[in-house]
Visitor: 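One structure coming up, written as structure tokens, with questions to follow.
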Amino acid sequence: QMQLVESGGGLVQAGGSLALSCVASGPAFSKYNMAWFRQTPGKERELVAAILWNGRQTYYTDSVKGRFTISRDNRKNTISLHMNNLKPDDTGVYYCAAGSAAISQTTPGLYDYWGQGTQVTVSS
């Protein structure tokens, strides 16, 4: 059983930056593809970025391309999401997830483990 704990959320003005981290505990972290999803009230959970188990391939939703960077450190069982030039539409609860599906899979149900989420609020 893997446990995921996110940190790094907060309040930032539009145009600012934040860095999210997710620490995993449990076996076989390096075998899982990892992802960041976000959710706002009344909307479905949306895939923001994902990274292959070995870090050699990444996926980004169109709205964050060029602004967000996902990375992982398999020695430390962590993934990060560096977010630059934040926009009010980036506001939401950000969740770390682990799974075996292809990293372009946007369906939350295909991921096996989830963190509790961290709030990101971008003010205009």
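All of these numbers come straight from a predicted model, not from anything done at the bench. Numbers here are sequence positions counted from 1.
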Visitor: Tell me every residue that passes salt bridge (charged side-chain N to carboxylate O under 4.0 Å, His left out) with Lys65, counting only those two or more places apart in sequence or in another chain.
Guide: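 In terms of salt bridge (charged side-chain N to carboxylate O under 4.0 Å, His left out), with neighbours along the sequence ignored, Lys65 is linked to Asp62.
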Visitor: Heavy atoms, side chains only, cut-off 4.5 Å: are Gln39 and Glu44 in contact?
Guide: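 No, every pair of side-chain atoms sits at 4.5 Å or beyond.
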Visitor: Which heavy atom of Ala101 sits nearest a heavy atom of Leu110, and at what distance?
Guide: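 Here Ala101 and Leu110 meet closest at CB-CB, 4.0 Å.
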Visitor: Which residues end up grouped with Trp36 if you chain together Ile, Leu, Val, Met, Phe, Trp and Tyr wherever their side-chain heavy atoms are less than 4.5 Å apart?
Guide: Met2, Leu4, Val12, Leu18, Leu20, Phe29, Tyr32, Met34, Val48, Ile51, Tyr60, Val64, Phe68, Ile70, Ile79, Leu81, Met83, Leu86, Tyr94, Tyr113, Val120, Val122
Visitor: Could you check if a side-chain atom of Pro41 sits within less than 4.5 angstrom of a side-chain atom of Lys43, using non-hydrogen atoms only?
Guide: no
Visitor: To the nearest 0.5 Å, tell me how far Gln57 CD sits from Asn33 CG.
Guide: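 Nearest 0.5 Å value for the CD-CG distance: 9.0 Å.
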Visitor: Could you tell me the separation between the OG atom of Ser80 and the CD atom of Glu6, rounded to the nearest 0.5 Å?
Guide: 12.0 Å
Visitor: Among Ile, Leu, Val, Met, Phe, Trp and Tyr joined by side-chain contacts under 4.5 Å, find the other residues sharing a cluster with Phe37 and list them by chain and number.
Guide: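 Cluster partners of Phe37: Leu47, Leu52, Trp53, Tyr59, Val93, Tyr95, Ile103, Tyr111, Trp114.
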Visitor: Considering residues, nucleotides and ligands other than Gln119, do more than 12 of their heavy atoms fall under 6.0 Å from its CD?
Guide: yes
Visitor: Using salt bridge (charged side-chain N to carboxylate O under 4.0 Å, His left out) as the criterion, list what pairs up with Arg38, not counting sequence neighbours.
Guide: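 Salt bridge (charged side-chain N to carboxylate O under 4.0 Å, His left out) list for Arg38, sorted by chain: Glu46, Asp90.
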Visitor: With Asp73, which residues qualify under salt bridge (charged side-chain N to carboxylate O under 4.0 Å, His left out), at least two apart?
Guide: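 In terms of salt bridge (charged side-chain N to carboxylate O under 4.0 Å, His left out), with neighbours along the sequence ignored, Asp73 is linked to Arg75.
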Visitor: Report yes if some heavy atom in the side chain of Thr78 is under 4.5 Å from a heavy atom in the side chain of Ser21; otherwise report no.
Guide: no
Visitor: Where the side chain of Thr118 meets the backbone of Gly9, is there a donor-acceptor pair that is under 3.5 Å apart?
Guide: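 Confirmed, Thr118 side chain pairs with Gly9 backbone.
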Visitor: Closest heavy-atom contact between Arg72 and Ser30?
Guide: NH2-CA, 4.0 Å
Visitor: Which residue pairs pass the disulfide (SG to SG under 2.5 Å) test when at least one of the two sits in residues 87-124, sequence neighbours left out?
Guide: Cys22-Cys96
